[in-house]
2 protein chains.
Amino acid sequence: MDAERQIKLEARARILKAVGNASRLLILEELAQGEKCVADLTKAVGSDISTVSKHLSLLKSVGLVNDDKRGNQVFYTLLAPCVLNFFDCVESVLEARVQHQIEMIG
Amino acid sequence: MDAERQIKLEARARILKAVGNASRLLILEELAQGEKCVADLTKAVGSDISTVSKHLSLLKSVGLVNDDKRGNQVFYTLLAPCVLNFFDCVESVLEARVQHQIEMIG
DNA sequence: TGCCTATTTGGCCAATATTGCAAATAGGAG
DNA sequence: CTCCTATTTGCAATATTGGCCAAATAGGCA
């Protein structure tokens, strides 16, 4: 594998890795409904607010979300709604796996 | 967050996490061209064959690939070509980030 | 059987990721 | 300025990951 391909793959992997976490998936789902402040997202996720803040910081660093400071709150928005399309594919993979398991049993 | 949602999110995250790794992305790209045996994939990735085998095992465990043992070789195939659609979205995120950086400088 | 090739598994280590707590920062209101 | 609320940052503990090596497993062939 040449160095250029390696770099490109790692850049892509960073973005996909950001999506591959249950808390961050939940955050993305919440943001799909519209902008939310950190406190609201924290309620939804159920972790410490500092943890959620770090998840948001990671999502922002890879370009998936954007933040907007208004007053003493920070509102996050989904910058790449196309990630929502991932979910359909993921569901189809899950469904196919269930079908496969049923076939193995039967 | 209720327990059921948590479980669903984690199932999804496992699949997306499997895609969020440079070596596994490369494997998926290779498999997009058609089935490949472990040795061929190992050449493409450049890691130890045992490492590649583990990557394949992970990809299989989440249902993204399938294996087919023929003779003393194992051929892997891409089970969920829809993951290839992720790449377009990822590229758009990368491109948008570059644009954003250019705006920050200018 | 024994030998060769292909792949997987187990053990281990280094690097990275996730989390919470506590402290720091920032903004608004009195 | 002080106080209060919202968020981020620093730190430490723990968990997970990715890698290689060595050993085990499996299949084909003599």
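Below, read A as the first sequence line, B as the second, and so on, with proteins coming before strands; counting in each chain starts at 1.
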Applying a 4.0 Å non-hydrogen cut-off, can you work out what [X] is touching in the nucleic acid: base, sugar-phosphate, or nothing?
X	value
A:Tyr76	sugar-phosphate
A:Arg24	sugar-phosphate
B:Ser50	base
B:Ser47	sugar-phosphate
B:Ser23	sugar-phosphate
B:Lys17	sugar-phosphate

Any pair with a residue in residues 67-78 of chain A that passes side-chain hydrogen bond (donor to acceptor under 3.5 Å, both in side chains), sequence neighbours left out, goes on the list, sorted by first then second residue, please. A:Glu35-A:Arg70, A:Lys60-A:Asp67, A:Asp68-A:Arg70

In this structure, are over 12 heavy atoms from other groups packed under 6.0 Å from B:Glu4 atom CD? no

Distance only, no hydrogens: is a donor on one side chain within 3.5 Å (strictly under) of an acceptor on the other, for A:Gln6 and A:Glu10? yes

Report the residue from B:Leu31, B:Asn66, B:Leu28, B:Ile15 that forms a side-chain contact (heavy atoms from CB on, under 4.5 Å) with B:Leu59. B:Leu28

Separation of [X] atom [atom1] from [N] atom [atom2], in whole Å?
X	N	atom1	atom2	value
A:Arg14	C:dA15	CZ	C1'	15 Å
B:His55	C:dT9	NE2	C1'	15 Å
A:Ile49	C:dA26	CD1	C1'	14 Å

Quick one: CZ on B:Arg14 to CG on B:Leu58, what's the gap to the nearest 0.5 Å? 10.5 Å

Please confirm whether the backbone N or O of A:Ala13 pairs with a side-chain atom of B:Arg24, one donor and one acceptor, at under 3.5 Å? no

Under 3.5 Å donor-acceptor, A:Thr42 side chain and A:Val38 backbone: yes

Closer to the 5' end of DNA chain C via nearest nucleotide, is it A:Gly46 or A:Gly71? A:Gly46

Kindly give the heavy-atom pair with the smallest separation between A:Leu79 and A:Val65, and that separation in Å. CD2-O, 3.6 Å

Between A:Ala18 and A:Val62 the two heavy atoms that sit nearest each other are CB-CG2, 3.8 Å

Between the two end axes of the helix from C:dT1-D:dA30 to C:dG30-D:dC1, each built from 5 base pairs, what angle do you get to the nearest 10°? 20°

At a heavy-atom distance below 4.0 Å, which nucleotide of DNA chain D is the first touched by chain A, and which is the last? D:dT5 to D:dC11

Pairwise 5' ranking along DNA chain D for A:Lys54 and A:Asn72, keeping only the more 5' one: A:Asn72

